[in-house]
Amino acid sequence: MTPRTTLSDQELLGRIGRITWFHSLELRPGLVTPGAKSLAVLRREEEALLGPFDLRGRSVLDIGAWNGAFSFAARRRGAARVLATDEFAWTHPVYKGREAFDLAQAELGLEVETLQIDPTRMDETLGRFDLVLFLGVFYHLFDPIDVLQRMRAVTCQVLLVETHQDALERAEPAMVFYPGRTLANDDTNWWGPNPPLMLHLLRQIGFARIYYRDHPHYLPAEGSRTRGIFAAILPEAEPAMYAHFGTEWRDLGAAGAMRDFRP
């Protein structure tokens with residue numbers, strides 16, 4: 001276990017206040033970091049993303065870990081090894097993502113390995129992991145297909161992709177390109193794939209079965225379907241690892257699975 005800090009509550013609050021947080025993390029009872037994503041939002045996302053998988057004794061790679069919410073969640077859920085990676089958020093002068101991650105890890109006492117690396121530089125030398133978390137990264141990449149192939153190289157069972165999506169009214173595989181600050185006034189947002197594209201792209205690089213669910217905070221009933229979650233299963237994956245897909249999930253290879261992807 002990682003030693004917990006000896007900071008007083010006041011000292012800890014002072015350190016928290018010097019960081020721009022994306023994840024809300026309860027570091028001590030009642031002491032929560034002021035993240036852009038609330039505790040309630042993250043708990044709902046954690047269940048949607050990690051709930052279908054038995055992580056006990058497994059290895060997990062978290063791409064773009066930022067403050068570490070899902071890295072820590074995987075460890076709490078029994079993963080034997082978790083490797084958290086990031087570069088953009090960890091080296092950002094305002095976000096101070098690595099400082100935030102290290103502070104949270106020291107407080108939570110969870111053993112998580114770290115590696116500062118951009119996903120565009122990852123390859124099989126990193127090793128292979130039972131579950132690879134590729135959350136909120138795909139659409140930020142100028143060349144996401146190359147990086148998706150890199151994710152395949154480091155996956156030995158399941159790749160979990162969460163992404164912005166678009167072109168939902170189209171039945172054929174498609175992906176929308178956003179030049180400049182077209183999407184959300186953010187010049188790091190490049191692509192909006194639709195589910196047919198993700199299905200065929202993931203199959204093309206070697207995954208056998210692709211499951212999909214709507215993001216729990218971007219649901220059609222609430223007037224939006226702009227984010228989706230894809231679980232890509234390799235042929236050699238152990239069924240026991242992914243035995244808990246609920247009714248929110250659909251097997252995109254099943255008959256009729258591509259119907260009703262309207263925005």
Side-chain angles (χ1 to χ4, degrees), residues 1-7 12 15-16 19 21-28 33 35 37 42-43 45-46 49-92 95-138 140-141 147-162 231-232 234 236-238 241-242:
M1 295 291 286
T2 304
R4 296 175 184 268
T5 70
T6 57
L7 298 171
L12 179 57
R15 289 191 61 181
I16 288 171
I19 296 168
W21 294 83
F22 185 58
H23 296 150
S24 295
L25 302 168
E26 188 168 25
L27 302 186
R28 292 178 183 175
T33 63
K37 287 191 174 185
L42 283 167
R43 285 169 179 162
E45 287 186 2
E46 177 188 330
L49 293 162
L50 302 183
F53 307 107
D54 181 359
L55 297 183
R56 293 173 297 176
R58 313 285 187 182
S59 58
V60 177
L61 173 62
D62 187 4
I63 310 295
W66 207 320
N67 302 145
F70 297 108
S71 301
F72 301 136
R75 199 73 173 87
R76 286 195 300 267
R77 287 173 176 259
R81 181 192 178 201
V82 178
L83 174 60
T85 70
D86 207 315
E87 185 167 79
F88 176 79
W90 282 4
T91 60
H92 197 284
Y95 298 149
K96 300 180 181 179
R98 183 55 190 266
E99 182 181 340
F101 184 99
D102 289 345
L103 179 61
Q105 183 179 35
E107 276 299 313
L108 296 172
L110 293 168
E111 186 177 343
V112 174
E113 300 170 39
T114 57
L115 179 65
Q116 185 175 303
I117 186 172
D118 191 87
T120 59
R121 295 187 287 111
M122 291 182 171
D123 57 30
E124 61 277 359
T125 61
L126 197 63
R128 300 179 73 212
F129 297 79
D130 294 308
L131 178 65
V132 175
L133 303 178
F134 195 49
L135 313 177
V137 178
F138 182 95
H140 285 300
L141 300 165
V147 177
L148 203 62
Q149 291 174 306
R150 292 174 180 274
M151 297 303 100
R152 166 65 183 89
V154 298
T155 303
C156 66
Q157 296 211 56
V158 180
L159 171 65
L160 193 65
V161 182
E162 187 275 338
L234 284 171
E236 61 269 30
E238 302 170 41
M241 182 186 169
Y242 59 93

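Taking CG of Asp86 as the start and OH of Tyr95 as the end, the distance is 11.5 Å to the nearest 0.5 Å. Note that the CD atom of Gln157 and the CZ atom of Arg58 stand 5.0 Å from one another [nearest 0.5 Å]. Expressed to the nearest 0.5 Å, how far CZ of Arg81 lies from CG of Asp130 amounts to 10.5 Å. Here the CG-CD distance, from Asn67 to Glu99, works out to 10.5 Å after rounding to the nearest 0.5 Å. Atoms CD1 and CG, from Ile16 and Leu7 in turn, are 9.5 Å apart once rounded to the nearest 0.5 Å. How far CG of Leu160 is from CZ of Phe134: 11.5 Å, rounded to the nearest 0.5 Å.
Applying the salt bridge (charged side-chain N to carboxylate O under 4.0 Å, His left out) definition to pairs two or more places apart or across chains, those involving residues 115-126 are Glu87-Arg121. Listed by first and then second residue, the salt bridge (charged side-chain N to carboxylate O under 4.0 Å, His left out) pairs involving residues 149-160 are Asp146-Arg150 (not counting sequence neighbours).
The two atoms that bring Leu108 and Glu26 nearest to each other are CD2-O, 3.5 Å, heavy atoms only. For the pair Leu25 and Ala104, the tightest heavy-atom approach, listed with the atom from each and the gap, is CD1-CB, 3.7 Å. Annotation for Val82 and Ser71: closest pair CG1-O, 3.8 Å, computed over non-hydrogen atoms. Between Glu236 and Cys156, the shortest heavy-atom distance links the atoms CG-O, 3.9 Å. Considering all non-hydrogen atoms of both residues, Trp90 and Trp66 come closest at NE1-O, 2.8 Å. Considering every non-hydrogen atom in both Ser59 and Phe129, the closest pair reads OG-CA, 3.4 Å.
Without hydrogens or angle criteria, Ser24 side chain to Lys37 main chain gives a donor-acceptor distance under 3.5 Å. Remark: the backbone N or O of Val154 is not paired with any side-chain donor or acceptor of Arg128 at under 3.5 angstrom. Proximity of a side-chain donor or acceptor of Thr85 to a complementary backbone N or O of Leu115 within less than 3.5 Å is not detected. A distance-only check finds a donor-acceptor pair linking the side chain of Arg75 to the backbone of Ala79 [under 3.5 Å].
Using bins of under 30°, 30° to 60° and over 60° for the plane-to-plane angle, the ring pair His23/Phe70 lands in the perpendicular bin.
Counting heavy atoms from C-beta on, the side chains of Leu131 and Leu55 come closer than 4.5 Å.
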